Number of protein chains: 2
Amino acid sequence: MKKFTSSSIPIVKRIADSTVRRLSLYLRFLEDFEKRGIATISSDELAARGGTTSAQVRKDLSFFGSFGKRGLGYSVAELSARLRQILGLEREWQVIIIGAGKIGAALAQYHGFSQRGFRIIAVYDADPDKVGRAVDGLVIRPLTDLADDAKRQAPDIAVLAVPAVAAQEVADLVVKSGIRAILNFAPHQLQVPETIAVKAVNMAMELEGLSFALTNG
Amino acid sequence: MKKFTSSSIPIVKRIADSTVRRLSLYLRFLEDFEKRGIATISSDELAARGGTTSAQVRKDLSFFGSFGKRGLGYSVAELSARLRQILGLEREWQVIIIGAGKIGAALAQYHGFSQRGFRIIAVYDADPDKVGRAVDGLVIRPLTDLADDAKRQAPDIAVLAVPAVAAQEVADLVVKSGIRAILNFAPHQLQVPETIAVKAVNMAMELEGLSFALTNG
DNA sequence: GATAACTTGTGAAGAAATTCACAAGTTCAT
DNA sequence: ATGAACTTGTGAATTTCTTCACAAGTTATC
């Protein structure tokens with residue numbers, strides 16, 4: 001294994017999306033354990049909580065280093081700190097929400113994001129009727145201001161909560177504004193340069209997955 | 001390849017989750033093509049739209065049969081009908097939403113679900129202050145009524161939009177009520193019998209995935 | 001300090017998913 | 001009718017992901 005100092009995280013090879021998702025899951029469990037005052041945990045216990053195997057947990061972590069003690073397990077505090085570091089959660093991320101409809105407004109009002117370091121700094125909408133109104137203390141801004149605003153505020157992540165038909169156009173604008181990550185709630189497959197990170201939350205797709213499971217289970 | 005009649009869908013082996021997600025995606029594209037009056041489409045065109053490869057498209061479909069014509073491609077109408085059949089979308093599914101907070105209310109008001117055959121028949125909340133109020137024409141019912149209601153209405157899918165701390169308890173109640181599919185919006189890993197289909201929509205996890213990508217990209 | 005009971009980290013093996021590559025079928029133009 | 005241009009369906013090859021299995025390290029007990 002490649003040697004590294006405690007403050008650097010070596011990315012030896014491309015990390016699979018499934019691995020990153022599990023790391024995120026592990027972190028949530030660790031924070032839970034931390035709250036309950038548990039100091040140490042084994043890969044087995046972590047696996048049981050997340051519906052995976054201890055080998056999977058150890059392999060996932062092994063991509064980034066060796067964080068455990070043989071015979072003992074992992075320090076909950078240390079491992080969660082490491083995972084936060086790996087996931088890039090040591091800093092605050094600036095998030096904008098585009099689309100102040102039902103979903104966009106619900107997201108803007110959901111304080112779980114800011115609690116985890118994702119700070120919502122602006123809400124945009126293309127509809128002049130919505131512009132100027134406030135959502136959870138944020139005044140809805142015209143979408144036409146996005147490019148200019150972005151120059152000053154340099155938001156990190158854009159949450160797209162717009163109708164499917166508008167999604168691609170808005171995504172293009174987002175990319176043009178220099179934003180490098182998109183969380184897409186619109187049921188539309190976005191075409192973006194591969195330097196842009198995109199995650200989609202597609203509720204229709206999840207429901208159809210359940211429909212399939214119920215039909216063919 | 002196993003022989004089968006045109007009306008039956010043979011599930012030869014366990015279908016991967018990723019395959020089902022792609023089928024759902026293909027269906028969305030096909031519906032789009034259908035609307036635009038396109039009669040025929042090749043696996044290549046379908047793949048380009050979804051960011052995958054033509055071989056992947058053909059392999060995905062091959063698990064369920066042969067729906068195309070060599071040299072020509074797929075009939076848009078026929079393939080989308082087949083996919084709806086495969087995904088179990090020929091019938092209407094009865095959905096209940098548990099939790100009438102921000103997310104729950106936004107979901108209840110989002111008409112995209114019913115348009116796709118997922119009919120929201122009830123909204124529940126444990127909070128007596130919310131019970132009795134209406135969300136988009138549905139009166140919020142007390143969660144304590146769920147078990148009894150379910151006996152009569154036999155809902156198919158429960159959408160969990162409750163706080164993380166309550167999620168497991170509510171999931172247990174849902175399972176006990178005979179509901180076999182759960183769409184979980186709570187940031188909590190549910191423990192349910194393996195006969196129950198569960199999909200999780202975890203926005204914190206998606207955001208952390210973006211954070212990782214931005215940090216290590 | 002020796003033994004028993006744990007647990008990690010990791011190569012190797014195994015399983016699963018994706019991509020390749022091509023025979024076989026279809027259409028169209030001439 | 002023939003040839004050219006397409007496209008599917010699918011075994012085989014390849015790549016990726018997961019699980020196995022065990023050496024090596026730690027702690028606790030006597």
Side-chain angles (χ1 to χ4, degrees), chain A residues 1-4 6 9-23 25-26 30 33 38-76 78-80 82-83 86 209, chain B residues 1-4 6 9-26 30 33 38-76 78-79 82-83 86 209:
Chain A
M1 175 43 131
K2 192 163 167 287
K3 287 283 181 293
F4 54 92
S6 68
I9 293 166
I11 304 270
V12 185
K13 57 172 203 162
R14 212 197 154 272
I15 301 299
D17 209 65
S18 49
T19 297
V20 178
R21 299 180 73 84
R22 282 192 300 266
L23 292 181
L25 209 54
Y26 302 156
L30 287 166
F33 288 130
I38 295 162
T40 275
I41 192 149
S42 70
S43 58
D44 226 1
E45 292 167 294
L46 211 41
R49 194 79 163 57
T52 179
T53 66
S54 63
Q56 182 76 78
V57 171
R58 296 197 301 275
K59 186 64 95 183
D60 285 340
L61 297 176
S62 77
F63 294 126
F64 302 95
S66 312
F67 309 130
K69 268 217 176 72
R70 291 173 189 221
L72 186 60
Y74 301 88
S75 150
V76 171
E78 194 201 312
L79 187 56
S80 61
R82 288 309 197 99
L83 288 181
I86 291 167
Chain B
M1 173 47 128
K2 191 162 167 288
K3 287 281 182 291
F4 54 92
S6 68
I9 293 167
I11 303 271
V12 184
K13 58 171 202 160
R14 210 196 158 272
I15 302 300
D17 208 64
S18 50
T19 298
V20 178
R21 300 179 72 85
R22 281 192 300 267
L23 293 180
S24 187
L25 210 52
Y26 302 155
L30 287 166
F33 288 129
I38 296 163
T40 274
I41 191 145
S42 70
S43 57
D44 227 1
E45 292 167 294
L46 210 42
R49 193 80 163 57
T52 180
T53 66
S54 62
Q56 180 77 80
V57 170
R58 296 198 300 276
K59 186 64 92 181
D60 285 340
L61 297 176
S62 78
F63 293 127
F64 302 95
S66 312
F67 310 129
K69 267 217 174 72
R70 292 172 188 224
L72 187 58
Y74 302 87
S75 150
V76 171
E78 193 201 313
L79 187 55
R82 288 310 195 100
L83 287 181
I86 290 167

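So you know, we letter chains A, B, ... as the sequences are listed, proteins then strands, and number each from 1. Remember, predicted model here, so these are calculated numbers, not experimental data.
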Please tell me if Ser62(A) has a side-chain N or O lying less than 4.0 Å from either OP1 or OP2 of dG9(C). no
Any side-chain N or O of Gln56(B) below 4.0 angstrom from OP1/OP2 of dT19(C)? yes
Send over the distance from Lys59(B) NZ to dA13(D) P, rounded to a whole Å. 13 Å
Between dT19(D), dT8(D), dG9(D), spot the one nearest the side chain of Ser66(B), thanks. dG9(D)
Would you give the length of the straight line joining atom OH of Tyr74(A) to atom CG of Leu61(A), rounded to the nearest 0.5 angstrom? 5.0 Å
What integer distance in Å separates Phe63(B):CZ from dG11(D):P? 12 Å
Using the side-chain heavy atoms of Ser42(A), tell me which of these nucleotides is nearest: dT8(D), dT7(C), dA21(D). dT7(C)
Tell me what Thr19(A) touches on the nucleic acid: a base, only sugar-phosphate, or nothing, going by heavy atoms under 4.0 Å. nothing
Report yes if at least one side-chain N or O of Ser43(A) is closer than 4.0 Å to OP1 or OP2 of dT7(C); otherwise report no. no
Calculate the interatomic distance between Arg21(B) atom CZ and dA17(C) atom C1'; express it in whole Å. 16 Å
Rounded off to whole Å, could you give me the CZ-to-P distance for the Phe64(B) and dT8(D) pair? 18 Å
side-chain N/O Tyr74(B) vs dC6(D) OP1/OP2, d < 4.0 Å: no
To the nearest 0.5 Å, what is the distance between CD on Glu45(A) and OG1 on Thr40(A)? 9.0 Å
Tell me what Ser54(A) touches on the nucleic acid: a base, only sugar-phosphate, or nothing, going by heavy atoms under 4.0 Å. nothing
Of the listed nucleotides (dA21(C), dA17(C), dT18(D)), which one gets closest to any side-chain atom of Ala55(B)? dA21(C)
Under 4.0 Å protein heavy-atom contacts per nucleotide of nucleotides 24-30 of chain D, with B for base, S for backbone only and - for none: BBB----
Could you tell me how far apart Arg58(B) (CZ) and dC22(C) (P) are, to the nearest whole angstrom? 14 Å
Rounded to the nearest 0.5 Å, how far does CG of Leu79(A) lie from CZ of Phe33(A)? 11.0 Å
Quick check for you: to the nearest 0.5 Å, what is the distance between Thr19(B) atom OG1 and Arg14(B) atom CZ? 9.5 Å
Rounded to whole Å, the CD1-P distance (Ile41(A) to dC6(C)) equals 17 Å
Distance in angstrom units between Arg14(B) CZ and dA15(C) C1', rounded: 14 Å
Checking Phe63(A) against Val20(A) for the side chain to side chain contact (heavy atoms under 4.5 Å, CB included) test, could you report, in this order, the C-alpha distance in whole Å, the side-chain angles of both residues, the deciding distance, and whether it holds? CA-CA 11 Å; Phe63(A) 294 126; Val20(A) 178; over 6 Å; no
Gln56(A)/Thr53(A) under side-chain hydrogen bond (donor to acceptor under 3.5 Å, both in side chains): CA gap, chis, key distance, verdict: CA-CA 5 Å; Gln56(A) 182 76 78; Thr53(A) 66; 5.3 Å; no
How long is the straight-line distance from CG of Asp60(A) back to OG1 of Thr52(A), given to the nearest 0.5 Å? 7.0 Å
In this structure, how many angstroms lie between the P atom of dT15(D) and the CG atom of Asp17(A), rounded? 21 Å
